[in-house]
Amino acid sequence: MAKSSTQQFGSPDTNLKLDKLTDYLDRFTTALQFQPSREKAFRKIYFDAFAGNGGIDIVGDSMPLFDVYESTSFIKGSARRALELKVPFDEYIFVEKDKTRAKELQVMVNSEYSSLASRVKVINGDANKVLQDFCRSHDWHAKHSRQSRAVVFLDPFGNNVVWDTIKSVAQTKAIDLWYLFPAGLGVNRQVGNDGKIHYTHEASIDALFGGADWRELARQQTGQLSFDSIPTPAFEKLSTPKIMTEFMIKCMKPIFGGGVLTDWLPLGGKGRHDYSLLFAWANPSPKAKLAAKLAAAVLKRKR
Ligand SMILES: C[S@@+](CC[C@H](N)C(=O)[O-])C[C@H]1O[C@@H](n2cnc3c(N)ncnc32)[C@H](O)[C@@H]1O
């Protein structure tokens with residue numbers, strides 16, 4: 001495996017997250033093979049909205065004296081793992097905003113996965129726009145031709161996924177979603193102990209939840225201070241990553257028709273809860289519950 005200018009981020013939990021995703025994708029494509037012919041005939045699509053370039057340098061958890069001595073290990077990223085499944089998808093869509101990474105990803109596909117290259121589209125663009133367009137324009141429930149079913153992976157660094165994107169995914173009733181929700185890093189850490197919400201992040205958190213209701217769970221008013229005779233409310237922080245995760249699940253449930261797992265996985269570096277790995281599935285009809293069962297098994301499986 002050639003090593004290119006890989007992304008440096010993450011923690012040992014990055015590997016755990018990707019192991020869970022791969023385990024699910026593996027079970028999903030394999031299970032659909034053994035379904036009655038209608039489901040077997042589904043066109044299976046994997047959509048990686050924050051695809052990276054195929055590789056990741058995990059920065060070690062040790063406390064180095066100098067950065068230069070920080071231990072790193074190279075691991076396969078989500079796109080590469082999806083291309084190495086025992087039973088491949090019919091179509092792969094990889095979206096990456098960074099031009100260089102998108103180029104590297106395309107080179108990797110052409111050179112290392114040439115037998116699958118005709119199934120792969122690498123798009124250098126914005127995850128929200130490309131995914132929303134895709135959800136709206138694809139003929140998911142075609143009456144006279146092959147129907148489609150997709151797995152979408154949202155793996156942002158921070159508050160990059162807007163609520164309209166989650167809604168577009170749910171509206172297809174044909175997509176199973178893995179969402180790395182930045183409960184700690186993107187939400188909880190932006191609320192100070194005095195309940196003040198970091199002003200540069202307030203709007204991005206509203207966009208994440210699709211409204212401002214989260215603020216009521218993030219803090220409570222404890223009284224009033226007076227500055228120069230101007231009454232100013234005083235707050236205390238209530239937010240925790242767990243509270244914010246449970247609220248996101250509560251927001252997602254109605255749009256997915258209840259199809260959101262209440263089990264989720266806290267992830268982060270050095271024991272922190274930075275992200276929560278969530279799973280929502282398409283249209284919870286009895287057949288669609290196969291996806292939920294697979295995901296629940298994957299989340300329960302020991303590290
Ligand atoms: C956490 S990394 C994802 C890593 C990838 N899933 C993997 O396992 O290798 C986030 C990636 O998303 C890209 N990115 C950031 N904002 C984006 C956006 N709005 N749309 C698409 N890609 C974006 C970054 O350049 C980065 O490569």
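Start at 1 and go down the list; that is how both ligands and their atoms are numbered. Both backbone and side-chain heavy atoms feed into the values below; hydrogens, waters and symmetry mates do not.
Set against the non-hydrogen atoms of Ile56, the atoms of ligand 1 under 4.0 Å away are 7 (C), 8 (O), 9 (O). Close contacts of ligand 1 with Asp126, meaning ligand atoms under 4.0 Å from a residue heavy atom, involve 18 (C), 19 (N), 20 (N). Counting atoms of ligand 1 from 1 in the listed order, those under 4.0 Å from a heavy atom of Gly125 are 20 (N), 21 (C). Of all the atoms in ligand 1, the ones that sit under 4.0 Å from a non-hydrogen atom of Leu18 are 8 (O).
When the side chains of ILVMFWY residues are joined at heavy-atom separations under 4.5 Å, either directly or via intervening members, Leu83 and Leu32 end up in a single hydrophobic cluster.
Checking only distances, Asn160 never comes within under 3.5 Å of ligand 1, N or O to N or O. Looking at Lys17 next to ligand 1, no N or O pair under 3.5 Å apart turns up. Remark: ligand 1 and Asp155 share an N or O pair separated by less than 3.5 Å (distance only, no angle test). Checking only distances, Phe157 never comes within under 3.5 Å of ligand 1, N or O to N or O.
Using a 4.0 Å cut-off between heavy atoms, Asn128 makes no contact with ligand 1 at all.
Using the six-membered ring where Trp is involved, Phe247 and Phe209 have ring planes that are tilted, between 30° and 60° apart. Ring geometry for Phe28 versus Phe89: interplanar angle under 30°, hence parallel rather than tilted (30 to 60°).
Put simply, the side chain of Gln220 reaches to within 4.5 Å of the side chain of Glu236, judged on heavy atoms.
Two rings, from Phe181 and Tyr275, have their centers 6.0 Å or more apart. In this structure, Phe279 has its ring center under 6.0 Å from that of Tyr24. Checked against the 6.0 Å centroid criterion, the rings of Trp264 and His273 qualify as a close aromatic pair.
Note on ligand 1: Ala79 sits outside its first shell, no heavy atom being nearer than 4.0 Å. Residue contacts with ligand 1: Ala49 is included, with a non-hydrogen atom under 4.0 Å away.
The closest donor-acceptor contact from the side chain of Asp176 to the backbone of Ala291 lies at 3.5 Å or more, if one exists at all.
Around atom 20 (N) of ligand 1, the closest heavy atom drawn from Ser78, Gly52, Ala51, Ala127 belongs to Ala127. Relative to atom 11 (C) of ligand 1, the option among Glu96, Lys97, Lys76 with the closest non-hydrogen atom is Glu96.
Within 6.0 Å of NZ in Lys237 there are more than 12 heavy atoms belonging to other residues, nucleotides or ligands.
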